[in-house]
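Since the structure comes first, as structure tokens, the remarks are kept for the end.
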Amino acid sequence: SVVDGADGYVQLNQYKLKNEIGKGSYGIVKLAYNEQDDVHYAMKILSKTRLKKKAGFFRRPPPSRDGKAVARPLAPMDRVYREIAILKKLDHPNVVRLVEVLDDPNEDNLYMAFELVEKGEVLEVPTDKPLSEQQAWSYLRDIILGSEYLHYQKIIHRDIKPSNLLLGDDGHLKIADFGVSNEFTGTDITLTNTAGTPAFMAPETLKEEKENFSGKATDIWAIGVTLYCFVIGRCPFEDDFPLSLHKKIMNDPVKFPEKPVVSEKLKDLILKMLDKNPETRITLPEVKEHPWVTR
Ligand SMILES: COc1ccc(C(=O)/C=C\Nc2cc(OC)c(C(=O)O)cc2Cl)cc1
């Protein structure tokens, strides 16, 4: 039950909700103090009415082509319950941990209590203070281990980017926000819909004719864009207009500025992760063997 505490903080069961620490298309995240265990958590707050309103924009389900079952976009509430089901089965040091869900049917808000990752987003992009290669190397290892675990659990994240990578006091990263992730069976998923954040979308997901593409390869692309952001401070492809951004992602070569200086080995890795052809793009196991990673 949600009550206004005498001290001006909202009390939600054993949690005292404090200041806002995160905000996005999903809703907001507040610092939450658990009086029972004297521990702070990150409380993600979703409004059911807002989600249902967004349902209105879901385009009519496409006619199923040649009788093949086409994945229907889920109603937002179903998407949230799917996100929760995915999160509940995940347990890895480089993935955020969902502790508890508070979903009172009479309440408009749905609350998701996560283990607090103390320092928040690893890097705000754009920045004029990009990371050193040493720092980027440490964070990439965490991203690789977390992504390897997710792919092993047959989950494609689909929105890997700096703002979804949270930094703990121990200097390690945790992957967050499974709001657009997909589960698959078999060895990989063939996707057709675009999802995630435009500047991090792989070229094969932006093509006009919606051919099928590999889910794992799209996560590798997003990790490549993220790695570029870490050491350069901005994204490799930028444009204020979505369609011109799509054109750049699909056609422009990756360019490195004079400054900051990036080692040849790191440039080589980034170029292999940002290979526009998903068939020849470097895979996660190959990234682990790359000279810049094993250095
Ligand atoms: C300055 O100190 C700070 C410490 C922690 C934070 C923080 O946690 C922010 C967002 N958190 C999250 C967001 C999520 O999705 C969007 C998910 C998820 O749905 O997986 C989980 C978490 Cl935890 C911010 C600032």
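Each ligand, and each atom within it, is numbered from 1 in the order the structure gives.
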Against heavy atoms of [X], which atoms of ligand 1 measure under 4.0 Å?
| X | value |
| --- | --- |
| Ala42 | 8 (O), 23 (Cl) |
| Glu83 | 19 (O) |
| Val96 | 20 (O) |
| Glu118 | 2 (O), 3 (C), 4 (C) |
| Val117 | 4 (C), 5 (C) |

task: Output yes when Glu238 and Lys248 qualify as a salt bridge under the 4.0 Å nitrogen-oxygen rule, no when they do not.
output: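 Salt bridge absent between Glu238 and Lys248.
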Ion pair Arg50/Asp108, N-O distance below 4.0 Å: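 Result for this pair is no, no salt bridge flagged.
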query: Which one of Val95, Ile28, Ile86, Ile21 has a non-hydrogen atom at the shortest distance from atom 24 (C) of ligand 1?
result: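 Result: the heavy atom closest to atom 24 (C) of ligand 1 is in Ile21.
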field: For atom 11 (N) of ligand 1, the option (of Leu116, Asp159, Leu167, Leu166) bearing the nearest heavy atom
entry: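 Selected option, by shortest heavy-atom distance: Leu166.
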message: Pairing donors with acceptors under 3.5 angstrom, does anything connect the side chains of Asp4 and Tyr9?
response: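 The criterion, which ignores hydrogens and geometry beyond distance, is not satisfied for Tyr9 and Asp4.
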- prompt: Any side-chain donor paired with an acceptor under 3.5 Å for Glu83 and Ser181?
  reply: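 Their side chains do not contain a donor-acceptor pair, so the 3.5 Å distance test is not met.
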query: Are Leu140 and Val262 connected in the hydrophobic side-chain network, where two residues link if heavy atoms are under 4.5 Å apart?
result: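 Looking at the clustering, Val262 is in the same group as Leu140.
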task: Is it possible for you to say whether Trp137 and Leu145 belong to one hydrophobic cluster, with membership spreading through side-chain heavy-atom contacts below 4.5 Å?
output: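 No, it is not one cluster - the side chains of Trp137 and Leu145 are not joined through contacts under 4.5 Å.
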Which protein heavy atom lies closest to [atom], and at what distance to 0.1 Å?
| atom | value |
| --- | --- |
| atom 1 (C) of ligand 1 | Lys119 O, 4.0 Å |
| atom 18 (C) of ligand 1 | Asp177 N, 3.3 Å |
| atom 23 (Cl) of ligand 1 | Phe114 CB, 3.6 Å |
| atom 19 (O) of ligand 1 | Lys44 NZ, 2.6 Å |
| atom 10 (C) of ligand 1 | Val29 CG2, 3.8 Å |
| atom 16 (C) of ligand 1 | Tyr26 CE2, 3.3 Å |

message: If I compare all heavy atoms of Val96 with all of Ala176, which pair ends up nearest, and what's the gap?
response: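 Looks like CG1-CB, 3.6 Å.
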message: Can you give me the closest heavy-atom contact between Val95 and Phe178, atom names plus distance?
response: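 Nearest pair, atom of Val95 first, then Phe178: CG1-CZ, 3.7 Å.
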- request: Please confirm whether Glu115 comes within less than 3.5 Å of ligand 1 when only nitrogen or oxygen atoms on both sides are compared.
  value: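 Not met; the criterion fails.
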- prompt: Under 3.5 Å, N or O to N or O, is Asn164 touching ligand 1 that way?
  reply: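 N/O-N/O distance under 3.5 Å: no.
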query: Taking the side chain from Ser147 and the backbone from Ile143, do they hold a donor-acceptor pair closer than 3.5 Å?
result: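 Yes.
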Donor-acceptor pair, side chain of Asn13 and main chain of Tyr15, under 3.5 angstrom: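 Here the side-chain-to-backbone pair does not exist.
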